Amino acid sequence: MAIVGTTIFSHILPVICGFFGIVMIISGSLEKSNSKLGLGIVLFIIACIFPYLILSVLV
């Protein structure tokens, strides 16, 4: 039986972080803003790695 909350950490939060990461990457590249671009890259990497880190601890 799955632990309650694994769906949140595996399907919902990574999608939200990935979406905002892509939006920040596009916004930062169009405005020539390195801080937005860097934040977008960090958010996207967090969205990729987050499920593996959290779910390995929970399951």
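Remember, predicted model here, so these are calculated numbers, not experimental data. The residues of the chain are indexed from 1 along the displayed sequence.
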Notebook entry, point to check: Do the side chains of Ile16 and Leu43 join up, straight or via other hydrophobic residues, at under 4.5 Å, putting them in one cluster?
Noted result: yes
Checklist line | OG-CG distance between Ser29 and Asn34, expressed to the nearest 0.5 angstrom | finding: 10.5 Å
Item checked: Ile41 versus Ile25, closest heavy-atom pair with distance -> N-CG1, 3.7 Å
Item checked: Ile54-Ile49 co-clustered via ILVMFWY side chain contacts under 4.5 Å -> no
Notebook entry, point to check: If two hydrophobic side chains count as joined below 4.5 Å and joins carry through other members, does Phe20 share a cluster with Ile12?
Noted result: yes
Notebook entry, point to check: Are Tyr52 and Ile8 in one and the same hydrophobic cluster, where Ile, Leu, Val, Met, Phe, Trp and Tyr link if side-chain heavy atoms are under 4.5 Å apart?
Noted result: no
Notebook entry, point to check: What residue pairs, at least two apart or across chains, pass salt bridge (charged side-chain N to carboxylate O under 4.0 Å, His left out) with a residue in residues 14-33?
Noted result: Glu31-Lys36
Notebook entry, point to check: Atom CD1 of Ile46 and atom CG of Leu53: how far apart are they, to the nearest 0.5 Å?
Noted result: 10.0 Å
Notebook entry, point to check: What about Ile26 and Val15, same hydrophobic cluster or not, with Ile/Leu/Val/Met/Phe/Trp/Tyr joined at side-chain heavy-atom distances under 4.5 Å?
Noted result: no
Next item on the list: Locate the shortest heavy-atom distance separating Ala47 from Pro51; write the atom from each residue and the value.
Entry: O-CD, 3.4 Å
